[in-house]
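Working notes, structure below.
These numbers come from the heavy atoms of this one structure, side chains and all, not from hydrogens, waters or symmetry mates.
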Amino acid sequence: MPVCFPNWFAECRRGALVLLALTAAPSWSRDHEWDAWSRLQGDVYGALLAQGVADRDRVLVHLAHTCTLVSAGGAFHIVEIRELVHGGRSPRGVNSLVILGDGLRVVASVELGPARPYYCESDQVVLDSEVAAGGANRVGNVLIVDEAGQVVEVRRQDAADMAGFQLQRPAPARSRRRQP
């Protein structure tokens with residue numbers, strides 16, 4: 001199978017060429033993370049395949065670095081992966097959030113279903129919709145990660161209450177008209 005990195009991933013599957021961009025959502029406060037991710041994306045996919053998180057029988061359609069959580073236990077990279085399953089009349093996919101530790105070691109994985117990660121805040125990963133994770137079938141849109149990189153708690157939080165979604169309104173412009 002031909003693989004072309006770092007900018008594009010090309011893969012021949014059953015006679016069809018699938019060409020897709022491996023995109024990443026940068027952590028805007030850390031430009032060096034974006035540079036590191038663009039160099040590592042091929043290694044990340046290879047590590048996910050080797051550790052059984054990604055599947056060679058599926059078609060990779062999305063691989064993105066969402067953010068990096070920093071805790072007392074170290075730095076954990078939050079990666080989103082989406083793969084399409086062959087067969088069927090309509091596309092079916094497997095969407096996962098993967099927590100990577102040192103050396104691209106998979107620490108934890110959460111099946112996302114249709115949910116997508118928005119951003120990280122301290123020890124939390126905020127999602128756009130609810131998922132079941134953290135054992136005991138707890139459901140929520142905020143995943144709490146411990147110092148070992150494991151999802152230990154899931155809770156529901158309304159987007160209007162999240163710091164990342166607070167509306168910042170500009171101050172009204174002053175009129176420059178002269179008063180008579």
Side-chain angles (χ1 to χ4, degrees), residues 5-7 9 21-55 58 60-83 93-168:
F5 289 108
N7 297 326
F9 173 78
L22 291 177
T23 60
S27 172
W28 299 113
S29 63
R30 297 184 179 133
D31 290 335
H32 66 279
E33 286 182 11
W34 173 257
D35 294 335
W37 173 248
S38 65
R39 289 190 305 272
L40 282 175
Q41 55 193 358
D43 295 336
V44 169
Y45 183 59
L48 295 177
L49 283 170
Q51 295 175 70
V53 175
D55 188 335
R58 300 178 189 145
L60 176 68
V61 293
H62 182 75
L63 177 63
H65 176 255
T66 300
C67 55
T68 301
L69 292 176
V70 180
S71 73
F76 298 102
H77 302 284
I78 309 301
V79 175
E80 178 189 12
I81 182 169
R82 303 182 118 205
E83 300 172 293
V94 176
N95 309 320
S96 300
L97 183 89
V98 182
I99 301 173
L100 296 174
D102 292 335
L104 301 179
R105 178 181 52 90
V106 174
V107 177
S109 179
V110 176
E111 190 170 320
L112 291 177
R116 302 287 305 267
Y118 275 140
Y119 63 93
C120 296
E121 186 176 313
S122 64
D123 62 346
Q124 304 172 15
V125 180
V126 180
L127 308 173
D128 68 351
S129 56
E130 296 182 345
V131 298
N137 286 331
R138 291 179 281 183
V139 176
N141 63 327
V142 179
L143 307 176
I144 313 297
V145 179
D146 69 3
E147 294 176 355
Q150 299 295 315
V151 176
V152 293
E153 186 181 340
V154 180
R155 72 167 189 246
R156 290 183 172 112
Q157 187 172 356
D158 186 23
D161 298 330
M162 295 178 189
F165 291 104
Q166 296 301 315
L167 181 60
Q168 301 291 325

In chain order, what residues pass the side-chain contact (heavy atoms from CB on, under 4.5 Å) check against [X], with sequence neighbours excluded?
X	result
Ser71	Phe76, Glu147
Asp102	none
Gln51	Ala47, Arg105, Val106
Asn95	Arg82, Leu112

Does any part of the side chain of [Y], heavy atoms only, come nearer than 4.5 Å to the side chain of [X], both counted from C-beta?
X	Y	result
Thr66	Tyr119	no
Leu143	Leu127	yes
His65	Thr68	yes
Cys120	Ile78	yes
Leu69	Val125	yes
Leu48	Val98	yes
Val110	Val151	yes
Val139	Val154	no

Query - From CA spacing to verdict: side-chain contact (heavy atoms from CB on, under 4.5 Å), Val94, Arg58 - result: CA-CA 9 Å; Val94 176; Arg58 300 178 189 145; 3.7 Å; yes

Query - side-chain contact (heavy atoms from CB on, under 4.5 Å) evaluation trace for Val145 with Ile99 - result: CA-CA 9 Å; Val145 179; Ile99 301 173; 4.0 Å; yes

Report summary line: Residue set satisfying side-chain hydrogen bond (donor to acceptor under 3.5 Å, both in side chains) with Glu130, at least two apart, ordered chain then number -> Arg156

Query - All side-chain hydrogen bond (donor to acceptor under 3.5 Å, both in side chains) counterparts of Glu80, not counting sequence neighbours - result: His62, Arg116

Report task. Tell me, with the steps shown, if Ile144 and Arg155 meet side-chain contact (heavy atoms from CB on, under 4.5 Å). Result -> CA-CA 8 Å; Ile144 313 297; Arg155 72 167 189 246; 3.7 Å; yes

Report summary line: Tightest non-hydrogen contact, residues Gln124 and Val142, listed as OE1-CG1, 3.6 Å

Query raised in the report: Considering all heavy atoms of both residues, which atom of Val53 and which atom of Ser109 are nearest to each other, and what is their separation?
Result: CG1-OG, 4.3 Å

**Report entry** Asn141 side-chain N/O to Gln157 backbone N/O, donor-acceptor pair under 3.5 Å
**Finding:** yes

Query raised in the report: Which distance, rounded to the nearest 0.5 Å, do you find between the OH of Tyr45 and the CG of Leu63?
Result: 8.5 Å

Query raised in the report: Which is it for Asp123 and Asp146 under the side-chain contact (heavy atoms from CB on, under 4.5 Å) test, yes or no, and what are the steps along the way?
Result: CA-CA 7 Å; Asp123 62 346; Asp146 69 3; over 6 Å; no

